[in-house]
2 protein chains.
Amino acid sequence: MPAEATSSDVFWLRDEVARPPRRNTPLSLARIIDAAITELDATGVDRLTMRRLAERLEVTSTALYWHVKTKEDLLDLALDHVVGEVPVPAPDVPPRAGLQKLLVGWYSAMVAHPWSPSLLGRPLLGPNVLTRTEYIQAKLVEDGLAGKDLAAVTHTLAGLVLGSAMADATWQRIDDPAAIAKVRAHILDSADRYPTLSTSGFVDAGWSDNELFALGLDRVLDQFLGTK
Amino acid sequence: MPAEATSSDVFWLRDEVARPPRRNTPLSLARIIDAAITELDATGVDRLTMRRLAERLEVTSTALYWHVKTKEDLLDLALDHVVGEVPVPAPDVPPRAGLQKLLVGWYSAMVAHPWSPSLLGRPLLGPNVLTRTEYIQAKLVEDGLAGKDLAAVTHTLAGLVLGSAMADATWQRIDDPAAIAKVRAHILDSADRYPTLSTSGFVDAGWSDNELFALGLDRVLDQFLGTK
DNA sequence: ACCTGAACACCGTTCAAGT
DNA sequence: ACCTGAACACCGTTCAAGT
């Protein structure tokens with residue numbers, strides 16, 4: 001039998017504030033991943049700790065472990081989330097154009113989150129990675145590749161994208177122009193040991209990494225694909 | 001004035017064992033790097049700690065800091081040491097053959113130390129790396145490349161080698177056949193989402209990574225170099 | 001179900017002190 | 001010059017306990 005309501009016990013007059021303090025927002029896997037990526041973009045991979053991440057989310061570090069098994073799992077999720085930003089071309093885009101678009105997008109997404117290539121040492125098996133790998137192979141098959149050729153081209157394209165992203169992201173993370181100048185000076189000072197590097201424009205960065213990647217990829221696709 | 005020797009104070013009778021216990025071998029930067037690589041080969045990159053490394057060398061962990069500034073410096077040195085294993089072809093080897101040889105050697109050295117690609121996130125500026133980068137560009141110039149083309153081809157080849165080494169080393173580190181089987185099963189179970197991957201041989205590893213890399217590199221060099 | 005607090009077993013690194 | 005010992009300021013993670 002429900003207790004009879006007195007005039008003082010009315011919903012509108014009840015002291016809402018006295019209730020257990022409402023969390024700002026309940027924690028969730030998605031929120032944790034978002035916060036991790038924000039933190040990684042801001043501070044880089046070796047500054048991300050579970051404690052700092054928890055602080056940003058206004059919870060205890062140990063609270064994270066209800067949603068995520070380990071820090072490594074979290075990093076895997078963050079990496080796959082970045083790959084999820086890569087647009088997958090529409091099905092009717094022809095192989096050559098579609099591949100170029102997807103691979104440039106993949107490269108760009110990783111360079112935009114320069115910490116992400118340093119996570120490549122772990123198996124890439126997230127749904128976003130697999131979806132895009134499926135696209136790559138599907139387009140190669142559509143272009144007529146199969147068997148060993150297909151395998152070799154898939155490996156080559158994947159290696160090229162990931163390796164270029166890794167190399168370029170490494171340099172991009174160095175925001176100190178003095179450090180860049182030091183590298184330049186080091187090579188130029190050793191012109192006897194590095195005669196080509198010191199005179200070929202290698203240290204002068206006359207072209208953007210992005211530009212060079214797109215150019216190289218274009219020619220590699222020329223070699224591997226029949227149609228243009 | 002030297003104290004006169006008594007008959008009991010003879011070199012041959014002196015108690016050698018009572019002297020300060022001779023260290024097995026004095027520490028040195030080279031010995032530290034060697035030990036680090038041995039440890040890395042045996043246990044992988046995230047199991048290497050300064051304390052464990054010190055234990056292997058029979059010193060205190062803090063002793064290492066007299067020879068090395070930070071752990072990161074040590075890892076940079078270890079990586080450059082691995083690249084030092086890559087043979088540089090003789091000067092009279094023609095560009096195409098020389099490049100193929102050096103790049104396959106680079107790939108092989110990194111895969112042989114599967115922890116090394118995961119260190120690529122740091123700038124590659126060691127002497128062994130620069131020597132081999134110099135060789136690559138010198139041979140490309142010898143083949144007639146210059147300017148933007150030279151820059152693009154250098155970046156492409158470097159990206160391809162490092163990315164392929166990274167990807168293949170990742171899989172090689174998984175020595176548990178059950179884990180591999182799980183990946184296979186995961187993709188085959190999702191054949192509707194991954195129709196190409198599940199039927200193209202992607203999961204069957206009919207060819208070695210080494211073989212596929214060499215094949216892909218060969219065709220890329222065909223595209224970039226004039227002579228064969 | 002979801003989070004806190006205390007605790008454990010580690011880390012890299014510094015620095016005074018020894019030889 | 002080269003190494004030890006103690007100490008500092010962190011880590012990731014577990015687990016009992018709270019709500």
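Within every chain, numbering begins at 1; the chains are lettered A, B, ... in the order of the sequence lines, protein sequences first and strands thereafter.
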Quiz question: going by heavy-atom distance under 3.5 Å, is there a donor-acceptor pair between the base of C:dG5 and the side chain of A:Thr62?
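Between C:dG5 and A:Thr62, which were checked side chain against base, a qualifying N/O pair under 3.5 Å is present.
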Whole angstrom value for the distance that separates [atom2] of [N] from [atom1] of [X]:
{"X": "A:Met50", "N": "C:dC10", "atom1": "CE", "atom2": "C1'", "result": "16 Å"}
{"X": "B:Arg47", "N": "C:dC11", "atom1": "CZ", "atom2": "P", "result": "10 Å"}
{"X": "B:Asp46", "N": "D:dT13", "atom1": "CG", "atom2": "P", "result": "11 Å"}
{"X": "A:Leu29", "N": "C:dC2", "atom1": "CG", "atom2": "P", "result": "12 Å"}
{"X": "A:Leu64", "N": "D:dG12", "atom1": "CG", "atom2": "P", "result": "10 Å"}
{"X": "B:Arg31", "N": "D:dC3", "atom1": "CZ", "atom2": "P", "result": "9 Å"}
{"X": "A:Arg51", "N": "C:dC11", "atom1": "CZ", "atom2": "P", "result": "15 Å"}
{"X": "A:Trp66", "N": "D:dT14", "atom1": "CH2", "atom2": "P", "result": "16 Å"}

Does the [X] side chain pair with the main chain of [Y], one donor and one acceptor, at a distance under 3.5 Å?
{"X": "A:Arg132", "Y": "A:Val86", "value": "yes"}
{"X": "A:Gln172", "Y": "A:Val111", "value": "yes"}
{"X": "A:Arg184", "Y": "A:Asp204", "value": "no"}

Give a yes or no on whether a salt bridge exists between B:Arg56 and B:Glu39, defined as a side-chain N under 4.0 angstrom from a carboxylate O.
yes
[options]: which one has an atom nearest the side-chain heavy atoms of [X]?
{"X": "B:Ala63", "options": "D:dT4, C:dC3, C:dT13", "result": "D:dT4"}
{"X": "B:Val59", "options": "D:dT4, D:dC11, C:dG12", "result": "D:dT4"}
{"X": "B:Lys71", "options": "D:dT4, C:dT4, C:dT13", "result": "C:dT13"}
{"X": "A:Ser61", "options": "C:dC3, D:dT4, D:dT13", "result": "D:dT13"}
{"X": "A:Thr70", "options": "D:dG5, C:dG12, D:dT13", "result": "D:dT13"}

Presence of A:His67 side-chain N/O under 4.0 Å of C:dC3 phosphate oxygens OP1/OP2
yes
Closer to the 5' end of DNA chain D via nearest nucleotide, is it A:Arg52 or A:Lys69?
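So the residue in question is A:Arg52.
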Any side-chain donor-acceptor pair under 3.5 Å between A:Trp115 and A:Asp41?
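Note: A:Trp115 and A:Asp41 side chains meet the donor-acceptor criterion.
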Just by distance, with hydrogens left out, do A:Asn210 and A:Tyr107 show a side-chain donor and acceptor under 3.5 Å apart?
no
Intra- and interstrand pairs of DNA chain C - dot-bracket, Watson-Crick/G-U under 3.5 Å, | marks other strand
||.|||||...|||||.||
Over all atoms of both residues, closest heavy-atom pair of A:Met110 and A:Ser116:
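Scanning both residues, the minimum pair turns out to be O-OG, 3.2 Å.
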